[in-house]
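Following: one structure in structure tokens, then a few remarks.
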Amino acid sequence: MLTAYDYSMAKLLDQAGVDVILVGDSAANVMAGYPTTLPITLDQMIYHGVSVVRGVNRALVVVDMPFGSYQGDSLEALRSAVRIMKETGADAVKLEGGQEEADSIRNIISAGIPVMGHLGLTPQSINQFGTYAVRATTEMEAEKLLQDALLLEKLGCFSLVLEKIPAELAGEVSRVVSIPVIGIGAGNRVDGQVLVMHDMLGITQGFSPRFLRRYHDLGTEITKAVSHYVEDVKASCFPNENEQY
Ligand code: KIV
């Protein structure tokens, strides 16, 4: 699984064989430049969702429910999820949280909308924790996470993302639940992996958590190509004879 937020990149990811494309609320960070995921709105997530769905033929498309669109109000949660499904044409929604969001998850699933859960580091709760550090490192937190994972499975979530937790705990969750567990910073004893596309392609700068493997340095490549273009234009080398009418 990888994230995408627009038509052109979603098309490339789909062609490259990614099974699941997540329209993550990380769009708030990598597309809009906000320091947290909190400001992105439901309308903005729907815009990104529509754009991605148009580029995808094969992969499953999951759209993140943004902060404020489902927390603590299961009717509002259902309305938000219905809007996402109707207006984007995506296959499923993802939302953060365990026990606290049980009513919202139950309500959304009762309408026939597949839900992917998200436990561990839940960036929408940054103001509660105050840090993006590894989660569930104490026995009490680990036990809560395990119970939350079992609850999400019982509620009918079709899959679960585990973010930034110890690999051993992630492996244990993966063993006790039968739904696919997708990890990010959760080691390799899970069923699948997800990364933010801008991070794994090296477009984001100054973000290098231990779990991130950069598969390319696209940031440098793009800067090189653009400076080359600027030089050519300034030197009147672009366009040349063959590039004009
Ligand atoms: O928003 C996002 O990109 C995510 C992934 C990091 C799992 O939720």
Side-chain angles (χ1 to χ4, degrees), residues 1-6 9-10 13 18-42 44-49 51-52 59-71 80-81 84 88 90-98 101 105 114-126 129 131-136 145 148-149 152 157-165 170 173-174 179-188 190-204 207-215:
M1 180 157 106
L2 280 175
T3 65
Y5 318 96
D6 69 284
M9 289 304 294
L13 265 48
V18 173
D19 289 326
V20 185
I21 295 184
L22 172 66
V23 184
D25 61 351
S26 49
N29 311 124
V30 298
M31 300 300 289
Y34 289 115
T36 73
T37 56
L38 272 60
I40 200 158
T41 65
L42 185 57
Q44 288 166 338
M45 286 306 298
I46 288 172
Y47 168 75
H48 288 298
S51 313
V52 165
L60 186 89
V61 179
V62 181
V63 176
D64 254 344
M65 297 190 67
F67 176 67
S69 71
Y70 63 93
Q71 286 94 340
S80 305
I84 290 174
T88 68
D91 303 299
V93 298
K94 175 167 84 58
L95 60 86
E96 298 179 5
E101 304 308 336
I105 294 169
V115 174
M116 177 180 268
H118 183 153
L119 298 173
L121 173 61
T122 47
Q124 292 180 11
S125 313
I126 180 62
F129 292 94
T131 160
Y132 290 105
V134 181
R135 294 287 199 275
L145 190 140
D148 277 344
L152 292 188
C157 286
F158 75 94
S159 176
L160 171 62
V161 167
L162 292 180
E163 180 164 355
K164 220 170 174 186
I165 64 167
V173 171
S174 212
I179 54 176
V181 174
I182 314 294
I184 172 164
N188 65 8
V190 290
D191 306 297
Q193 298 291 329
V194 56
L195 284 174
V196 169
M197 181 255 300
H198 287 62
D199 297 339
M200 61 86 73
L201 290 179
I203 298 172
T204 34
F207 179 67
S208 47
R210 190 203 301 201
F211 69 77
L212 174 61
R213 185 181 296 177
R214 287 190 190 281
Y215 282 83

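Here the structure is a predicted model, which is why all the values come from computation and not from measurement. Atoms within each ligand, like the ligands themselves, are counted from 1 in listed order. In this chain, residues are counted from 1 in sequence order.
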Give yes if a backbone or side-chain nitrogen or oxygen of [X] is under 3.5 Å from a nitrogen or oxygen of ligand 1, and no if not.
X	answer
Thr3	no
Asp64	yes
Lys94	yes

Study note, to complete from the structure: shortest atom 5 (C) of ligand 1-to-protein heavy-atom contact is with Leu22 CD2, 3.7 Å

Review point. Nearest protein heavy atom to atom 3 (O) of ligand 1, by residue and atom, and its distance?
Key: Ser26 OG, 2.5 Å

Check your understanding: Considering Val194, Ile184, Leu95, which one's heavy-atom position lies nearest to atom 6 (C) of ligand 1?
Key -> Ile184

Point to revise | Side-chain donor or acceptor of Thr41 paired with backbone N/O of Gln44 under 3.5 Å | key: yes

Check your understanding: So, the side chain of Thr88 versus the backbone of Gly49: is there a donor-acceptor pair under 3.5 Å, distance only?
Key -> no

Check your understanding: Just heavy atoms, cut-off under 4.0 Å: does Asp25 contact ligand 1 by side chain, backbone, both, or neither?
Key -> both

Review point. Does even one non-hydrogen atom of His118 get within less than 4.0 Å of ligand 1?
Key: yes

Exercise for review: Heavy-atom contacts with Val196 under 4.0 Å: which atoms of ligand 1 show up? List them by number with element.
Suggested key: 3 (O)

Exercise for review: Go through the steps to decide whether Tyr5 and His198 satisfy the test ring pair (Phe, Tyr, Trp, His ring centres under 6.0 Å), and finish with yes or no.
Suggested key: CA-CA 10 Å; Tyr5 318 96; His198 287 62; 5.7 Å; yes

Review point. Are Tyr132 and Glu163 close enough, and set up right, to give a side chain to side chain donor-acceptor pair (under 3.5 Å), and what steps lead you there?
Key: CA-CA 10 Å; Tyr132 290 105; Glu163 180 164 355; over 6 Å; no

**Study point:** Any side-chain donor near an acceptor of the partner, Gln71 and Gln124, under 3.5 Å
**Key:** yes

Check your understanding: So do Ser159 and Ile182 actually touch side chain to side chain, heavy atoms under 4.5 Å?
Key -> yes

Review point. Of all heavy-atom pairs between Leu195 and Met200, which one has the smallest distance, and what is that distance?
Key: CD1-CB, 3.7 Å

